[in-house]
Number of protein chains: 2
Amino acid sequence: MKPRITLKKIAREFGVSISTVSKALKDSHEISEETRGKIKAFADYYNYKPNNLALQLRNQKTSVIGVIVPEIVHHFFSTVINGIEKYATERGYNVMVCLSNESYEKEVSNMSMLTNGSVDGLIVSIARETLQNQNFKHFEAIIKDDFPLVLFDRINDDIECDKVIIDDIGGAFKATNHLVEIGSKRIALLTTQDFITVGSLRKKGYIKSLNKSKISVDEGLIYKIDDNLDLYEQIKNVFTSKNTPDAILAVNEIYAAIALKVAKESGLKIPEDIAIIGFTSGLISEYTDPPLTCVEQHGFLMGKQVAELLINRIENVSPSEFQKVVISPNLKIRKSTLDD
Amino acid sequence: MKPRITLKKIAREFGVSISTVSKALKDSHEISEETRGKIKAFADYYNYKPNNLALQLRNQKTSVIGVIVPEIVHHFFSTVINGIEKYATERGYNVMVCLSNESYEKEVSNMSMLTNGSVDGLIVSIARETLQNQNFKHFEAIIKDDFPLVLFDRINDDIECDKVIIDDIGGAFKATNHLVEIGSKRIALLTTQDFITVGSLRKKGYIKSLNKSKISVDEGLIYKIDDNLDLYEQIKNVFTSKNTPDAILAVNEIYAAIALKVAKESGLKIPEDIAIIGFTSGLISEYTDPPLTCVEQHGFLMGKQVAELLINRIENVSPSEFQKVVISPNLKIRKSTLDD
DNA sequence: TAACCATACTCTAACGTTTGCGTAAAAAAG
DNA sequence: CTTTTTTACGCAAACGTTAGAGTATGGTTA
């Protein structure tokens with residue numbers, strides 16, 4: 001790469017000082033019309049642009065926000081990133097995305113690298129491994145220095161910072177209520193392992209709804225899916241079990257789509273024999289047959305909220321106590337539960 | 001945010017010079033065991049980490065690569081980013097992602113911001129608007145300075161740099177051949193408008209296959225879908241036209257899934273009455289009913305290749321002439337074309 | 001006791017930028 | 001013709017870091 005043109009080189013060219021060049025390019029009245037003109041022409045010709053690193057170092061401000069997500073090939077996370085990016089751009093910030101890949105170690109190293117001056121603030125959705133370890137020292141370390149931090153979706157209540165979450169309990173509650181309303185009695189839950197916060201919260205909403213409707217909770221209808229094993233085989237168990245459900249609530253889109261597939265393979269009619277609802281984030285629910293009723297998570301809105309909290313925190317216009325924004329999901333009713 | 005601890009502060013604390021502190025932390029033999037010890041203990045206690053901006057400025061190297069994609073809520077692009085990130089991490093680089101949002105202006109401003117010192121090299125997939133304008137001055141500007149640049153997927157041949165593309169012609173050729181082999185005679189093509197390179201290349205592969213099989217090309221079977229209009233309505237036309245096809249090749253997953261849906265609504269059996277193939281990038285094809293046969297694009301591999309070319313270019317281990325890597329897609333046969 | 005050497009530092013420049021302050025020369029005012 | 005003001009610049013410090021060159025102190029050697 002050719003070395004870029006700098007103030008120093010321009011200064012040398014005209015035999016003036018660096019500050020003269022700097023001021024000339026800023027149209028300072030301290031510099032004569034004539035000098036300004038020739039310096040600007042020269043700078044323009046050589047396409048001078050101030051070096052960002054130097055500016056950031058001097059201004060002690062990067063106008064970059066760092067985002068660490070567990071993965072990016074995931075409709076929900078990429079939608080949130082999209083929301084973050086849109087809002088950040090409006091407020092004059094750029095976005096640097098890093099992936100923790102669900103790994104504790106990578107989350108730590110990403111955080112360490114980003115907080116060493118590269119960004120003005122950090123947005124994180126916690127890695128699965130970290131949630132499993134319950135090791136949050138890396139968060140505490142930056143919080144101690146008042147480093148601006150916002151957590152979203154995968155959060156931990158012990159970490160003291162701004163947070164944005166989906167009302168998972170409410171979403172699962174709404175979804176389960178809907179199933180009860182259409183007459184389901186034996187509602188299976190396809191959820192994640194307990195340490196995934198969203199999974200356990202959605203389970204709470206499911207139980208809350210059953211309690212409200214005076215339906216007893218059957219632990220045999222609750223399936224904790226392990227993402228590291230074969231999903232298809234695990235979900236098949238729901239249908240081979242003697243304890244057969246007449247409805248399924250899945251905590252994500254993939255579980256729901258697989259359940260739908262397996263149900264059809266088992267000769268079941270949807271929604272007559274079995275109704276299915278998933279939490280969605282992507283486009284799958286829309287294109288299955290029948291399309292899946294689902295809890296929509298508003299990832300884009302979430303991204304905007306997260307970015308807003310962070311930038312307000314960076315620019316010191318936030319209230320001093322930390323905020324927790326809860327986004328209400330809504331139920332999108334499609335033909336997997338109601339066939340009109 | 002509390003000001004971070006710096007060498008200067010540590011130096012002041014012990015009444016030594018900044019360079020003494022720097023050397024002590026680097027375990028230099030120039031500094032006495034005793035001084036080293038207390039400085040390191042102090043630095044450790046206050047969690048000293050060198051400021052990245054300062055290092056980057058001094059070393060004239062950021063170890064960050066910039067990525068500009070048209071959108072991120074798109075399985076193909078996020079998969080490529082994933083590949084880039086994985087490979088970059090292995091080689092000690094971080095990734096900064098920006099979105100052009102298909103806008104020329106935003107692409108230009110993102111490039112300008114990233115090339116002013118923030119990153120060591122740039123990976124770009126060109127925005128739709130830029131391809132439409134054919135205005136590539138912003139690329140020429142950075143190429144003139146030998147700024148490391150790699151284009152992928154949405155490229156332009158006039159831009160002189162390393163490139164990675166999918167063999168779109170080959171992919172469409174394979175897919176069309178498959179349709180011909182299963183007996184299709186009237187194969188419709190759902191493609192994009194002409195200025196999208198991938199759309200027009202896939203059209204070429206489609207035509208090449210028809211020519212090979214001595215099937216005449218019927219322009220009435222080629223539908224150019226406008227992404228800004230209602231997709232569903234546009235695709236409906238394929239089925240209401242008198243010129244009905246017995247197979248459909250769609251240049252992306254969404255077009256294919258919608259075609260499948262409309263076909264079923266029209267009472268057509270798949271694949272008996274009409275076979276459907278899409279180019280895929282996401283998970284939709286897998287969960288439709290029947291699952292869609294599709295051309296798989298290997299986004300992850302593409303990301304790795306792109307990152308490798310770029311980092312080799314940055315580290316000056318590339319051959320001086322520019323490379324063009326072509327990735328062959330493969331045909332994943334599912335039940336939308338072959339029902340066994 | 002002068003010359004030499006090792007030790008343990010400090011100084012300085014460099015990366016690229018901005019900005020308040022100082023100042024020489026020219027112009028205006030008295 | 002002196003004093004003041006204006007013009008048009010240069011200087012230096014600051015952001016945080018590194019690394020080669022320079023130096024004061026003390027001890028060893030001839």
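In what follows, every chain begins at residue 1, and chains take the letters A, B, ... in the order their sequences are listed. Because the structure is predicted, anything quoted here is derived from the model rather than measured. Atoms considered below: every heavy atom in the structure, side chains included; atoms not considered: hydrogens, waters and symmetry mates.
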Interatomic distance, [X] [atom1] vs [N] [atom2] [rounded to whole Å]:
| X | N | atom1 | atom2 | result |
| --- | --- | --- | --- | --- |
| B/Glu33 | C/dA8 | CD | P | 9 Å |
| A/Glu34 | D/dC9 | CD | C1' | 13 Å |
| A/Arg58 | C/dC15 | CZ | C1' | 15 Å |
| B/Leu57 | D/dA14 | CG | C1' | 13 Å |
| B/Asn51 | D/dA14 | CG | P | 17 Å |
| A/Asn59 | D/dC15 | CG | C1' | 9 Å |
| B/Ile18 | D/dA19 | CD1 | P | 15 Å |
| B/Leu25 | D/dT17 | CG | P | 9 Å |

Checklist entry - D/dA8, D/dT17, D/dA21: which one has an atom nearest the side-chain heavy atoms of B/Glu30? => result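 Side chain of B/Glu30 sits closest to D/dA21.
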Give [X] one of three labels, base, sugar-phosphate or nothing, depending on what nucleic acid heavy atoms sit under 4.0 Å from its own.
| X | result |
| --- | --- |
| B/Gln60 | sugar-phosphate |
| A/Ser22 | base |
| B/Lys8 | sugar-phosphate |
| B/Tyr48 | sugar-phosphate |

Item to check | Pairwise 5' ranking along DNA chain C for B/Ile31 and A/Lys26, keeping only the more 5' one | outcome: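 With B/Ile31 and A/Lys26 compared, the 5'-side residue is B/Ile31.
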Next on the checklist: Between A/Glu102 and A/Arg154, does any NZ, NE, NH1 or NH2 come within less than 4.0 Å of an OD or OE carboxylate oxygen?
Outcome noted: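 Salt bridge flag = yes for A/Glu102 with A/Arg154.
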Next on the checklist: Here's a test of your reading of the structure: between A/Thr35 and B/Leu53, which maps to the more 5' nucleotide of DNA chain D?
Outcome noted: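 Here A/Thr35 is the residue nearer the 5' end.
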Item to check | Heavy-atom closest contact (B/Ile311 atom, B/Arg91 atom, distance) | outcome: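 Here B/Ile311 and B/Arg91 meet closest at CG2-NH2, 3.1 Å.
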Checklist entry - Do the side chain of B/Asn156 and the main chain of B/Leu131 share a donor and acceptor less than 3.5 angstrom apart? => result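 Not a single qualifying donor-acceptor pair exists.
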Checklist entry - Can you tell me if CD on A/Glu33 sees more than 12 non-hydrogen neighbours from other groups inside 6.0 Å? => result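 Count not over threshold, so no.
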Would you say [X] places a side-chain N or O within less than 4.0 Å of OP1 or OP2 belonging to [N]?
| X | N | value |
| --- | --- | --- |
| A/Thr20 | D/dA8 | no |
| B/Ser19 | C/dC11 | no |
| A/Lys23 | D/dC9 | no |

Checklist entry - Side chains of A/Asn116 and B/Arg4: do they bring a donor and an acceptor to under 3.5 Å? => result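 Yes, side-chain donor-acceptor contact under 3.5 Å.
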